Amino acid sequence: MENKMEHIARYKAAMGNYPTGVTVVTAFNQDGKPMGLTVNSFASVSLEPLLILWSIDKRVYSYNDFLKVDKFTVNILSADQGDLCTLFSSKVEDRFSQCDWKESSLNLPVLTNSLAALQCKVFKQIEAGDHTILIGEVLDIQNEDKEPLLYHRRNIGAIPKEFYN
Ligand SMILES: Cc1cc2nc3c(=O)[nH]c(=O)nc-3n(C[C@H](O)[C@H](O)[C@H](O)COP(=O)(O)O)c2cc1C
């Protein structure tokens with residue numbers, strides 16, 4: 001029987017085998033400052049109503065601020081936005097001075113040139129172990145005809161050309 005550390009390592013390896021897209025979730029904190037982090041726990045949940053989810057690690061610097069917001073944007077990254085994946089998972093403090101973004105008519109920060117941006121209001125928060133799951137109801141959808149950024153085994157990149165017929 002493996003010990004707990006080995007069990008966790010096996011879990012991480014198995015989850016690392018599962019490829020995902022990459023998003024950056026953004027919002028304004030209580031002081032009106034933009035905040036955001038790279039997120040690959042994003043998933044579609046429901047059509048009626050339109051719901052999505054993502055989960056935030058309790059150790060993330062902006063964790064308490066994210067629990068206080070009533071809305072957020074899920075910016076789905078395109079293949080040419082690998083630098084944003086790195087920026088928003090780095091220890092850079094003022095991430096928003098190093099990227100292009102705008103405040104939307106719903107008063108949310110939205111990154112420029114993403115593959116898609118889903119502006120959401122918070123539907124539910126569910127505490128789950130060392131993370132909290134945030135479920136959002138989608139209020140506004142911007143969608144571009146672009147290629148997605150992928151994440152697999154700690155690598156980021158584009159879908160290989162051979163993938164499509
Ligand atoms: C590809 C990728 C996916 C990530 N997904 C998540 C996630 O779903 N939830 C989360 O809390 N952190 C996730 N992270 C880690 C956060 O982006 C990172 O811990 C955070 O930005 C650290 O900075 P901070 O604590 O200064 O905000 C991910 C990082 C990468 C590179």
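Basis for what follows: all heavy atoms, side chains included, without hydrogens, waters or symmetry-related copies. Note that the structure is predicted; figures quoted are calculated from it, not measured. Whatever order the structure lists them in is the order used to number ligands and atoms, beginning at 1.
The distance from ligand 1 to the heavy atoms of Phe88 drops below 4.0 Å at these ligand atoms: 17 (O), 21 (O). Using a 4.0 Å cut-off to heavy atoms of Asp57, the atoms of ligand 1 that qualify are 10 (C), 11 (O). For ligand 1, the atoms sitting less than 4.0 Å from at least one non-hydrogen atom of Ile56 are 11 (O), numbered in the order shown with element in parentheses. Counting atoms of ligand 1 from 1 in the listed order, those under 4.0 Å from a heavy atom of Lys91 are 23 (O), 24 (P), 25 (O), 26 (O). Heavy-atom proximity to Tyr151, at under 4.0 Å, picks out these atoms of ligand 1: 1 (C).
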Worked check of side chain to side chain donor-acceptor pair (under 3.5 Å) between Thr26 and Asn75:
CA-CA 8 Å; Thr26 54; Asn75 303 272; 3.0 Å; yes

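In terms of polar-atom proximity, defined here as any N/O pair under 3.5 Å, Val22 makes no such contact with ligand 1. Considering backbone and side-chain atoms alike, Tyr61 places an N or O below 3.5 Å from some N or O of ligand 1. Some N or O of Thr38 is nearer than 3.5 Å to an N or O of ligand 1, by distance alone.
By the criterion of a heavy-atom distance under 4.0 Å, neither the backbone nor the side chain of Phe42 is placed next to ligand 1.
Pro148 is not listed as a side-chain neighbour of Leu77, based on a closest heavy-atom distance of 4.5 Å or more. Looking only at side-chain heavy atoms (C-beta outward), Phe88 and Leu111 come within less than 4.5 Å of each other. Counting heavy atoms from C-beta outward, Ser55 and Phe42 have side chains that stay 4.5 Å or more apart. Side-chain atoms of Leu37 and Phe66, non-hydrogen and from C-beta on, do get closer than 4.5 Å to each other.
Closest to atom 24 (P) of ligand 1, if we only count protein heavy atoms, is Arg95 NH2, 3.5 Å. Given atom 19 (O) of ligand 1, the protein heavy atom at minimum distance is Val60 CG2, 4.1 Å. Atom 18 (C) of ligand 1 has its closest protein heavy atom at Ser89 CA, 4.2 Å.
Looking at Trp54, its side chain never comes within 3.5 Å of a backbone N or O of Ala43 through a donor-acceptor pair. The main-chain N or O of Leu106 is found under 3.5 Å from a side-chain atom of Lys71 such that the two form a donor-acceptor pair.
Inspection of the Gln119 and Ser104 side chains reveals an N or O donor paired with an N or O acceptor under 3.5 Å.
A 6.0 Å sphere centred on OH of Tyr63 holds more than 12 heavy atoms belonging to other residues, nucleotides or ligands.
When the options Ser41, Cys85, Gly21, Ser55 are ranked by their closest heavy atom to atom 9 (N) of ligand 1, first place goes to Ser55.
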